[in-house]
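In what follows, a structure is listed as structure tokens, so that the remarks can point back to it.
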Amino acid sequence: MLAEKNRRLGRLDDLRARGIEPYPYRFDRTHTLREVRSEWGSLEAGTETESHVEVAGRIMLLREQGKLIFATVRDRSDEIQLFISKAVVGDEAFADISTLDLGDWVGVSGTVMTTRKGELSVKVANLSLLSKAVRPLPNKWKGLTDTDTRFRQRYTDLIVNEEARRAFEVRHAVISSFRRTLAGKDFIEVETPVLHVEAGGAHARPFVTHHNSLDMQLYLRIALELHLKRLIVGGMERVYEIGRVFRNEGISTRHNPEFTMMELYQAFGDYSEVMAIAEELIVQAARDAIGTTVVDIADTEGNLHTVDLAEPWRRARMIDLVEEKTGVAVHPSQSVDQLRKVAEDNGVRYDKHWGPGKLIEEIFEATAESSLIRPTFVTGHPVEISPLARTDRNDPFLTERFELFVGARELANGYSELNDPVEQRARFMEEQAAKEAGDAERGTVDEDYLRALEFGLPPTGGLGIGMDRVAMLLAGVHSIKEVILFPTLRPEVF
RNA sequence: GCGCCUUUAGCUCAGUCGGUAGAGCAUCGGACUUUUAAUCCGCUGGUCGAGGGUUCGAGCCCCUCAGGGCGCACCA
């Protein structure tokens with residue numbers, strides 16, 4: 001409302017005219033509000049203390065009552081009530097305080113007390129305005145629910161919606177838990193380039209950009225994989241990166257064009273070892289972020305399932321899950337025609353470029369994926385769709401690969417890393433051939449990566465985890481936008 | 001890209017059959033020295049997403065466009 005903003009801007013002028021700076025440089029507090037509550041939270045009703053504190057926060061509620069004003073202020077840690085008496089602060093200061101608005105930041109000094117009803121309060125001796133809010137806060141009962149405004153003006157969302165603040169606290173707790181767990185296993189955190197000459201490590205369309213002085217096209221990374229494995233060649237043995245990756249694809253409740261991946265690589269291990277790490281990371285993150293391993297997970301119909309993440313996770317081969325759902329045994333050694341028939345019988349549309357492996361994956365996604373509510377490692381992806389994964393030691397058509405599904409969403413992906421440079425070159429050539437045949441999402445030959453492999457990549461297990469999706473699972477939210485502070489949106493028209 | 005839904009005061013929402021705009025909170029004025037979403041009294045606040053059309057008359061019906069949501073497609 002323009003009138004409301006003008007009214008508050010007018011107050012700025014009034015304050016300055018009287019020598020009061022509405023935007024002072026600093027305020028030194030002695031306690032956070034949580035510290036006040038934990039130190040004096042058990043005072044009996046009607047207690048006055050001599051304990052002097054200086055606290056700061058934003059005014060969330062105001063209750064004027066004649067010669068008393070009650071204000072609820074909030075800092076990051078907690079809320080507390082200010083008790084402001086005209087008899088204590090004097091007529092002039094009381095008049096100033098009564099011109100405060102919801103949303104203003106204040107710093108106060110005073111003593112700790114409880115009211116007759118027992119509400120812990122700071123009895124204000126001195127109050128200073130720390131920053132004047134010139135826009136009004138959203139509705140104090142209903143908060144802010146308009147999703148457009150919540151995501152565009154995340155600052156407003158965070159001011160009024162406690163669940164929004166909580167989701168980002170969960171996200172932070174997940175990431176710091178991962179770092180602690182990995183530090184405990186002697187992993188080193190590294191940073192690799194975001195700007196890539198070739199966008200490899202995944203099948204996805206990249207964002208393209210341009211470097212002016214080199215006059216060259218660059219891609220924003222779609223995965224962390226290939227640089228991290230170069231570091232294993234270099235002998236770093238255990239590395240990980242938590243970083244933003246970019247995929248130039250659709251936006252949905254599960255997809256944002258930029259999102260956060262954690263990828264780790266461990267020398268001398270294989271896929272079963274990194275599977276165990278994935279399980280440990282996520283179970284520990286649940287304990288650290290929400291204090292329990294029991295979560296409610298929605299299926300695709302919206303029904304909630306209570307799941308204890310600490311129970312052992314199911315492992316099942318992709319081809320077995322397909323057989324379970326369709327009643328037909330499938331294998332990438334079968335002919336394209338045979339598998340196209342299975343696809344047709346199950347209402348799966350296919351592309352003429354697809355080989356047996358891709359057909360099996362699509363049939364899996366269409367028939368089995370939505371039923372994977374409890375944590376499930378789907379293993380044994382066909383070689384055709386896994387150009388960087390090592391062939392299964394027992395089946396040359398499959399790889400030692402897994403994807404983790406929870407709540408029908410893919411959370412993680414990992415494998416025994418292909419380290420034979422000759423085979424890797426052949427796989428890259430197949431990718432390139434498929435791309436040239438018209439399959440736009442296939443990869444290209446990364447010569448520098450092949451050179452690295454030629455120096456010797458030890459046996460290695462690799463793992464990638466979608467951090468946003470883990471945060472969604474543990475925060476219990478339905479949309480990825482709830483765990484990304486500033487999700488990608490169309491530009492606002494002002 | 002496609003389909004469905006949605007957009008009304010700063011916020012949360014109502015708006016009947018097409019008859020000329022409503023509530024709560026916030027704001028503003030008044031009362032109140034222990035409130036708790038304080039309460040009570042009174043007032044203010046609108047380009048009904050934008051543009052066009054039908055009609056004597058449109059928040060409402062029709063068309064186009066824009067934002068958002070959900071689903072689909074895409075996303076190994």
Side-chain angles (χ1 to χ4, degrees), chain A residues 1-8 45-46 48 60-72 79-88 94 99 101-103 113-121 123 133-153 156 159-160 201-205 222-223 247-257 259 300 302 318 349 351 354 357-362 364-365 378 381-389 399 401 403 409-410 413 415 431 434 439-443 466 478-479 481 487 489-493:
Chain A
M1 194 206 291
L2 197 62
E4 173 64 6
K5 186 170 158 187
N6 286 336
R7 182 188 68 75
R8 294 190 184 202
E48 299 262 352
M60 299 307 297
L61 292 170
L62 273 171
R63 298 176 287 280
E64 255 194 85
Q65 222 220 306
K67 299 189 174 71
L68 287 179
I69 297 173
F70 298 92
T72 303
E79 294 185 344
I80 208 158
Q81 176 169 274
L82 302 182
F83 180 98
I84 300 148
S85 161
K86 195 172 194 172
V88 173
F94 194 82
T99 69
D101 289 301
L102 296 180
M113 61 167 280
T114 52
T115 62
R116 285 177 201 161
K117 296 263 177 66
E119 181 76 29
L120 182 65
S121 307
K123 187 173 188 178
V134 298
R135 282 181 187 262
L137 250 34
N139 192 303
K140 68 182 178 187
W141 298 359
K142 301 287 179 62
L144 176 67
T145 61
D146 182 73
T147 49
D148 189 19
T149 311
R150 286 189 51 227
F151 299 145
R152 286 187 198 283
Q153 301 179 30
T156 316
I159 292 170
V160 298
H203 281 164
R205 286 151 68 196
I222 59 172
R247 296 185 182 178
N248 203 340
E249 276 149 6
I251 295 175
S252 77
T253 50
R254 280 143 285 142
H255 301 270
N256 196 64
F259 62 101
T300 42
M318 181 181 282
R349 285 186 303 166
D351 187 281
W354 296 354
K358 176 71 172 167
L359 283 162
I360 287 171
E361 185 193 32
E362 291 287 331
F364 160 75
E365 286 181 8
V378 176
H381 298 58
V383 172
E384 174 192 334
I385 57 165
S386 312
L388 299 162
T399 57
R401 177 176 173 192
E403 288 180 304
R409 287 197 277 256
E410 183 196 337
N413 180 21
Y415 29 88
E431 285 290 297
D439 193 347
E441 272 146 20
R442 302 294 284 272
H478 171 68
S479 169
K481 291 186 173 72
L489 299 169
R490 283 195 170 80
E492 187 174 4
V493 180

Taking atom [atom2] of [N] as reference, at what distance in whole Å does atom [atom1] of [X] sit?
| X | N | atom1 | atom2 | answer |
| --- | --- | --- | --- | --- |
| Asp101(A) | U27(B) | CG | C1' | 9 Å |
| Phe83(A) | U35(B) | CZ | C1' | 9 Å |
| Asp351(A) | C74(B) | CG | P | 10 Å |
| Asp148(A) | C70(B) | CG | P | 12 Å |
| Glu119(A) | U36(B) | CD | P | 11 Å |
| Glu64(A) | U27(B) | CD | C1' | 13 Å |
| Met113(A) | U34(B) | CE | C1' | 7 Å |
| Leu82(A) | U34(B) | CG | P | 18 Å |

Short side-chain N/O contact from [X] to OP1 or OP2 of [N], under 4.0 Å:
| X | N | answer |
| --- | --- | --- |
| Arg152(A) | G68(B) | yes |
| Arg63(A) | A38(B) | yes |
| Arg8(A) | U27(B) | no |
| Arg135(A) | G10(B) | no |
| Lys481(A) | G69(B) | yes |

Of all the nucleotides listed ([options]), which has the minimum atom distance to the side chain of [X]?
| X | options | answer |
| --- | --- | --- |
| Thr253(A) | G71(B), G69(B), A76(B) | G71(B) |
| Arg7(A) | C28(B), U12(B), U35(B) | C28(B) |
| Gln65(A) | U35(B), U12(B), G69(B) | U35(B) |
| Ile385(A) | A76(B), U36(B), U33(B) | A76(B) |
| His478(A) | G68(B), U35(B), G71(B) | G71(B) |
| Lys140(A) | A26(B), A73(B), G68(B) | A26(B) |
| Phe70(A) | A26(B), G24(B), U34(B) | U34(B) |
| Glu4(A) | U27(B), U35(B), U33(B) | U27(B) |
| Lys358(A) | A76(B), U34(B), U27(B) | A76(B) |
| His203(A) | G71(B), A76(B), G10(B) | A76(B) |

Check whether Ser121(A) reaches the backbone of Thr114(A) with its side chain - one donor and one acceptor, N or O, closer than 3.5 Å.
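Absent.
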
Could you tell me whether the side chain of Glu362(A) and the main chain of Arg349(A) form a donor-acceptor pair under 3.5 Å?
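No: the side chain of Glu362(A) does not pair with the backbone of Arg349(A).
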
Just so I know, are the side chains of [X] and [Y] near enough to count as touching, which here means a heavy-atom distance under 4.5 Å?
| X | Y | result |
| --- | --- | --- |
| Lys140(A) | Met60(A) | no |
| Glu410(A) | Arg254(A) | no |
| Thr156(A) | Thr149(A) | no |

When only distance counts, do a donor and an acceptor, one from the side chain of Thr145(A) and one from the base of U12(B), lie under 3.5 Å apart?
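No, the side chain and the base share no sub-3.5 Å donor-acceptor pair.
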
Please tell me which of Leu62(A) and Ser121(A) maps to the more 5' nucleotide of RNA chain B, matching each residue to the nucleotide holding its nearest heavy atom.
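It is Ser121(A), whose closest nucleotide lies nearer the 5' terminus.
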
Nearest-nucleotide 5' precedence on RNA chain B, Arg205(A) against Lys67(A)
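Nearest nucleotide further toward 5': that of Lys67(A).
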
Tell me which nucleotide, if any, is Watson-Crick or G-U wobble paired with [N] when both distances must be under 3.5 Å.
| N | value |
| --- | --- |
| A76(B) | none |
| G22(B) | C13(B) |
| U64(B) | A50(B) |
| C40(B) | G30(B) |
| C70(B) | G3(B) |
| U55(B) | none |

Would you measure the distance from the [atom1] atom in [N] across to the matching atom in [M] and give it in whole Å?
| N | M | atom1 | value |
| --- | --- | --- | --- |
| C5(B) | C62(B) | P | 11 Å |
| C60(B) | U16(B) | P | 11 Å |
| A58(B) | C74(B) | C1' | 40 Å |
| G45(B) | C40(B) | P | 23 Å |
| G15(B) | G22(B) | C1' | 7 Å |
| G69(B) | U8(B) | P | 15 Å |
| C13(B) | U55(B) | C1' | 30 Å |

I'd like to know if Asp351(A) pairs up with Lys358(A) as an ion pair, taking the criterion as any Lys NZ or Arg NE/NH1/NH2 lying under 4.0 Å from an Asp or Glu carboxylate oxygen.
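No, this pair does not count.
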
Pro136(A) and its side-chain contact (heavy atoms from CB on, under 4.5 Å) partner, picked from Arg7(A), Arg8(A), Lys5(A):
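Of the listed residues Arg7(A), Arg8(A), Lys5(A), the side-chain contact (heavy atoms from CB on, under 4.5 Å) partner of Pro136(A) is Arg8(A).
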
Donor-acceptor side-chain pairing of Glu403(A) and His381(A) below 3.5 angstrom:
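Looking only at side-chain atoms, His381(A) and Glu403(A) do form a donor-acceptor pair, the distance falling under 3.5 Å.
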
